[in-house]
K.L.:
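Below you will find the structure I want to go over with you.
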Amino acid sequence: MVQPSSPDPSPQPPEPHAPPPMRPPSRRRRWLGALVAVLVLGALVGGSYYLVKRPPAEGRGGFAGGPRGPGGPGGPGGPGGPGGPGGPGGAGLVTVGHAEVTQAEIPITIDALGTVTPLATITLKPQVGGVLTEVLFTEGQLVKKGQLLARIDPRPYEQALEQAKGARLRDEAQLEAARVTLARYRTLLGQDSIARQDVDTQAALVKQLEGTVTSDRASEAAAKVNLEFTRITAPVAGRIGLRTVDPGNTVTAGGTTGIAVITQINPIDVQFAVPQDRIPDIQTPVAAGAKLAVVAMDRNRSDVLDRGIFSTLDNLVDTTTGTVKAKARFENTAGMLFPSQFVNVRLTLRMVNALVVPVTAVRTGPNGPYVYVIAEDRTVSMRAIKRGEATVDVIAVTEGLKAGEMVVTEGGDRLSEGSRVQLQGERPAATGPRPQGSGRRRGQGAAGAGAGAPAAAPGTAAPAAAPAPGGSRPAAAPAAGGGSAPAPVGEGTPATAAPSGGTAAPAPAALPTAEQRQRMLDSAKDDPEQLARRKQFLEQLDKGDPEALARWQRMQQRQREGGGPGRPAS
C-alpha cells in the first residue's frame, strides 16, 4: 500500500517580479483631484460666459454712437457711462453716398428673352436623280440668289431633250402633210369629185396630229426643265451650311437630307414673348402708326447686337404661360445676329417725364418703399414714397419727393431716423478733443483697467497710448495743448496719430482682387439693388475715391482681426 507524501514544511521564497499590492488613494489626494476638476470646470464656464457676454469687437462710435468714454471696463465713462456708446454727447457721423432728385425722361420698356429666327430656311434637295459631279460652294459661304451651287451629270437629260425635239418635228411634219391633204379634199368636194366622208376623216386626222404636236412640245419643255434641274442654284441670298453629300455620289430626286441648308440672315427676325397684360401698351402706339424701337443685346446685357423695329404680335395668347408671341425685324448688316441664337430683347414703348432717383436710393420696409432724405443740417429722415416706372439705373417717384432734394444712395443700412451724416467728399468738422482711451472695444480705453490715465497737460506731449486688452490697436492720443482732434474714426478703421495741422489718413490698402470682386458680386446677384450698389462701390475704388478706399480698408481690417470676412459694401 502506497503512503501519501506529506507536504514540505519549508516556506517557498517569494517571486522576484511580483507587483506590489494596490493601496487605496489617500484622503488628501482625493481632495486635490476634486479641487483641480472644479477649477477646470470653473475656467470652462467662465470662458464660455466671456465669449457669449463680451462686448462687440467694434463699437459704433464712428457711426450712430458717440466717442468712447475714458477709462477701462467699469471705470468712469465705461459702458453705460456719460459719453459712452449711445450716450448723450455722441457726435459720430456716417459717411453716405447721395444723389439729387431730378426731373428726367425715362423710357418705358419691356425686357424679354428672344430667339433669332431667319426669314427663310431652305434645304437644297435635288429635283432629278443622277451623279453629283460638282459642288461649287464653300461651307459657311454667303451666297447670292441664283448662284450656281452644284451640278448633276446632265448627259442623260440632254439626250432626253433631243428625243423630245425629234418627236415634235416628226409629228409637225405629219400634221403639215395632213393639212395639205385636207385642203385638196375640200377642193374635190366642191367639184363633187369625192365623198364627204373622206373629207371628214381627213379633218379628224389633222386634229389628231395637232394634239400629238402639242404633247410633243410639252415633252420637250419637260426635258428642258429636267436639264435645268441638273444645275442646283441658290433660291435666296443667305448663308449656306455644311454639305451632307460629296461629289461623286448618286443623288435621287426628293431626298430627305438634301445637299445643304441656306438661311436668310439679311434681314432677320427675333421672336420673343410679352405678357398678355402689356398687349394694350403695344397695340395702342402701333395702331397710331408709331414704329416701336427694339434692341437686341447679348446674354449679359452689356453689348448691343443690333437695333430694329417691332413687327407684329401673334393672333392668340399661350394659355400655359399667359404670354403672346411677338416679332421684331433687324437689318443685321453687321451679321451679329445668328439664326437660333438666344438674345435679350428690350422693346421701348414710350418715354415718360417724372422725378427720378437712383435704384440704390429706394429701400423696402414693412410699410412699403421709402428713402432717406438729407436735410440741410445733415440729418436724415425716413420718407415713404410711391414708386412708378423703373429702368435698370433709375426709378420714377410719383409721390413723396420734390425736385432738388438729396437722398441717400449708399450707407443707408447704418442709418436711422434723425442720424447725422457726412457726404462723400466733405471734410469732417472738428468736434473738439477726443477723450483719452476711446478704443475700438466698448469701454476699453488706452488707460487700461481702472480709472484711466490722466490727460497730458497743455503744452506737453501726450503720453503714448497703452495697448487695449484683447489685442486691439490703440487710438491716437489727443492733440497737445487742447487743440481739436480729428473726427472719430469710422467703424473698423485703425486710429493713427494725425500729423501736425492735418487730419488722420487711413493706411493705404490694396484694391480688391478679381476673386474678391467676383465673390462680392455673386453674393448679391439675387438682389438687383444690392448688386448695383456694389458695382458702384467697385467703380469708386477704381477711381480712387477716398471714402470708398477707407471703407475697403475697414473691411480688410475687420477680416485681419479675426472677425471673419469684411462685410461687403452695400
K.L.:
Any pair with a residue in residues 336-371 that passes ring pair (Phe, Tyr, Trp, His ring centres under 6.0 Å), sequence neighbours left out, goes on the list, sorted by first then second residue, please.
P.N.:
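Residue pairs passing ring pair (Phe, Tyr, Trp, His ring centres under 6.0 Å), neighbours aside: Tyr370-Tyr372.
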
K.L.:
Determine the minimum heavy-atom distance between Ala396 and Ile106, stating which atoms define it.
P.N.:
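Ala396 and Ile106 have their closest heavy atoms at CB-CD1, 3.7 Å.
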
K.L.:
Name all residues meeting the side-chain hydrogen bond (donor to acceptor under 3.5 Å, both in side chains) criterion together with Glu405; count only those two or more places apart in sequence or in a different chain, and write none if there are none.
P.N.:
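Counting only residues at least two positions away or on another chain, Glu405 forms a side-chain hydrogen bond (donor to acceptor under 3.5 Å, both in side chains) with Arg383.
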
K.L.:
In plain terms, say whether Asp545 and Lys543 are close enough for a salt bridge, that is, a side-chain N and a carboxylate O under 4.0 Å apart.
P.N.:
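Salt bridge: no.
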
K.L.:
Of all residues at least two apart in sequence or in a different chain, which pass the side-chain hydrogen bond (donor to acceptor under 3.5 Å, both in side chains) check with Asp269?
P.N.:
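Partners of Asp269 by the side-chain hydrogen bond (donor to acceptor under 3.5 Å, both in side chains) criterion, ordered by chain and then number, come out as Arg329.
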
K.L.:
Could you point out which residue of Thr133, Val131, Leu132 forms a side chain to side chain contact (heavy atoms under 4.5 Å, CB included) with Ile152?
P.N.:
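Exactly one pass, corresponding to Leu132.
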
K.L.:
Between Ile279 and Val317, is any pair of side-chain heavy atoms under 4.5 Å apart?
P.N.:
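When only atoms from C-beta onward are counted, Val317 and Ile279 do touch, with a gap below 4.5 Å.
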
K.L.:
Sorted by first residue and then second, give each side chain to side chain donor-acceptor pair (under 3.5 Å) pair with at least one member in residues 134-147; sequence neighbours left out.
P.N.:
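Sorted result for residues 134-147: Glu134-Arg151.
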
K.L.:
Closest heavy-atom contact between Asn226 and Tyr157?
P.N.:
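Shortest heavy-atom contact: CB-CD2, 3.7 Å.
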
K.L.:
The test is side-chain hydrogen bond (donor to acceptor under 3.5 Å, both in side chains); show your working for Thr212 and Ser215 and say whether it passes.
P.N.:
CA-CA 5 Å; Thr212 302; Ser215 177; over 6 Å; no

K.L.:
I need the Thr360 OG1 to Asp393 CG distance, nearest 0.5 Å.
P.N.:
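The OG1 atom of Thr360 sits 9.5 Å away from the CG atom of Asp393.
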
K.L.:
Can you see which heavy atom on Val359 is nearest to which on Val392, and at what distance?
P.N.:
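Smallest heavy-atom distance, with atoms named: CG2-O, 3.4 Å.
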
K.L.:
Hey, could you give me the CG/CZ distance between Leu347 and Arg278, rounded to the nearest 0.5 Å?
P.N.:
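With rounding to 0.5 Å, CG (Leu347) is 9.0 Å from CZ (Arg278).
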
K.L.:
With side chains defined as the heavy atoms from C-beta onward, is the minimum distance between Leu124 and Pro235 less than 4.5 Å?
P.N.:
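Sidechains of Pro235 and Leu124: in contact.
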
K.L.:
Show the numbers, then the answer: is there a side chain to side chain contact (heavy atoms under 4.5 Å, CB included) between Gln422 and Glu547?
P.N.:
CA-CA 11 Å; Gln422 173 185 328; Glu547 297 296 336; 4.0 Å; yes

K.L.:
Please confirm whether the backbone N or O of Arg299 pairs with a side-chain atom of Asn344, one donor and one acceptor, at under 3.5 Å?
P.N.:
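It does hold such a pair.
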
K.L.:
In the structure I gave you, are the side-chain heavy atoms of Arg363 and Met382 within less than 4.5 Å of one another anywhere?
P.N.:
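Contact flag for Arg363/Met382 side chains = no.
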
K.L.:
Could you pull out the closest heavy-atom pair between Phe272 and Gly114, with the gap in Å?
P.N.:
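That would be CB-CA, 3.8 Å.
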
K.L.:
Under a 3.5 Å distance rule, please check whether Asp153 uses its side chain to pair with a backbone N or O of Gly130 as donor and acceptor.
P.N.:
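Here the side-chain-to-backbone pair does not exist.
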
K.L.:
Does Leu149 reach the side chain of Ile262, with side-chain heavy atoms less than 4.5 Å apart?
P.N.:
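Contact flag for Leu149/Ile262 side chains = yes.
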
K.L.:
Indicate yes or no: at least one non-hydrogen side-chain atom of Leu349 is less than 4.5 angstrom from one of Thr284.
P.N.:
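Side-chain contact under 4.5 Å: no.
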
K.L.:
Measuring from Leu209:CG to Leu182:CG, what's the distance to the nearest 0.5 Å?
P.N.:
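Leu209 CG to Leu182 CG: 11.0 Å, rounded to 0.5 Å.
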
K.L.:
With the side chain counted from C-beta on, respond yes when Leu511 and Leu549 share a heavy-atom pair under 4.5 Å apart, and no when they do not.
P.N.:
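In contact.
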
K.L.:
CD1 of Ile108 to OG1 of Thr348: how many Å apart, nearest 0.5 Å?
P.N.:
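Interatomic distance, Ile108 CD1 to Thr348 OG1, rounded to 0.5 Å: 9.5 Å.
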
K.L.:
Please collect all salt bridge (charged side-chain N to carboxylate O under 4.0 Å, His left out) contacts where either partner lies in residues 99-127, sequence neighbours excluded, each pair once.
P.N.:
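Those involving residues 99-127 are Asp111-Arg301, Asp111-Arg346.
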
K.L.:
Applying the side-chain hydrogen bond (donor to acceptor under 3.5 Å, both in side chains) test to Arg551, which of Gln556, Gln540, Glu410 qualifies?
P.N.:
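Per the side-chain hydrogen bond (donor to acceptor under 3.5 Å, both in side chains) rule, the option paired with Arg551 is Glu410, out of Gln556, Gln540, Glu410.
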
K.L.:
Within the distance-only criterion (no hydrogens, no angle test), does the side chain of Thr244 pair as donor or acceptor with the backbone N or O of Ile259 below 3.5 angstrom?
P.N.:
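Yes, the answer is positive, given that a donor and an acceptor are paired below the 3.5 Å cut-off.
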
K.L.:
Are more than 12 heavy atoms from other residues, nucleotides or ligands located less than 6.0 Å from atom CD of Gln191?
P.N.:
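Enclosed.
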
K.L.:
Hey, could you give me each pair passing salt bridge (charged side-chain N to carboxylate O under 4.0 Å, His left out) that has a residue in residues 234-255? Not counting sequence neighbours.
P.N.:
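Non-adjacent pairs meeting salt bridge (charged side-chain N to carboxylate O under 4.0 Å, His left out): Arg243-Asp246.
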
K.L.:
Would the number of heavy atoms belonging to other residues, nucleotides or ligands and lying under 6.0 Å from CG of Asp192 be above 12?
P.N.:
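Result for CG/Asp192: open.
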
K.L.:
Does some side-chain heavy atom of Lys402 sit less than 4.5 Å from a side-chain heavy atom of Val101?
P.N.:
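Val101 does not reach Lys402 side chain to side chain.
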
K.L.:
Give, for atom OG1 of Thr181 and atom CZ of Arg179, the distance between the pair rounded to the nearest 0.5 Å.
P.N.:
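Here the rounded value is 12.0 Å.
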
K.L.:
Hey, is the main chain of Leu227 close enough, under 3.5 Å, to the side chain of Thr230 for a donor-acceptor pair?
P.N.:
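At least one qualifying donor-acceptor pair exists.
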
K.L.:
Check whether any side-chain heavy atom of Pro512 lies under 4.5 Å from a side-chain heavy atom of Leu538, and answer yes or no.
P.N.:
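Yes, at least one pair of side-chain atoms sits under 4.5 Å.
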
K.L.:
Please name the pair of heavy atoms, one in Thr391 and one in Pro107, separated by the smallest distance, quoted to 0.1 Å.
P.N.:
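Reported closest heavy-atom pair: CG2-O, 3.7 Å.
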
K.L.:
Determine whether Val213 and Arg217 satisfy the following criterion, side chain to side chain contact (heavy atoms under 4.5 Å, CB included), listing intermediate values before the conclusion.
P.N.:
CA-CA 6 Å; Val213 170; Arg217 288 174 180 173; 3.7 Å; yes

K.L.:
Specify the closest pair of heavy atoms between Tyr185 and Asp198, including all atoms of both residues, with the distance to one decimal.
P.N.:
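Distance-wise, the nearest heavy atoms are CD2-O, 3.6 Å.
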
K.L.:
So, Gln530 and Arg533: side-chain donor and acceptor under 3.5 Å apart, yes or no?
P.N.:
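Yes, a side-chain donor-acceptor pair sits under 3.5 Å.
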
K.L.:
Under the side chain to side chain contact (heavy atoms under 4.5 Å, CB included) criterion, do Ile110 and Ile282 qualify, and how do the steps go?
P.N.:
CA-CA 10 Å; Ile110 297 177; Ile282 298 175; 4.2 Å; yes

K.L.:
Should Met336 and Gln341 be marked as a side chain to side chain contact (heavy atoms under 4.5 Å, CB included) after you check the CA-CA gap, both sets of side-chain angles, and the distance that decides it?
P.N.:
CA-CA 10 Å; Met336 299 297 292; Gln341 176 186 4; over 6 Å; no

K.L.:
Among Val408, Thr409, Val407, which one satisfies side chain to side chain contact (heavy atoms under 4.5 Å, CB included) with Val96?
P.N.:
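For Val96, the side chain to side chain contact (heavy atoms under 4.5 Å, CB included) check succeeds only for Val408.
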
K.L.:
Enter the distance from Lys325:NZ to Leu313:CG here, rounded to the nearest 0.5 Å.
P.N.:
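One finds 12.5 Å between NZ of Lys325 and CG of Leu313.
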
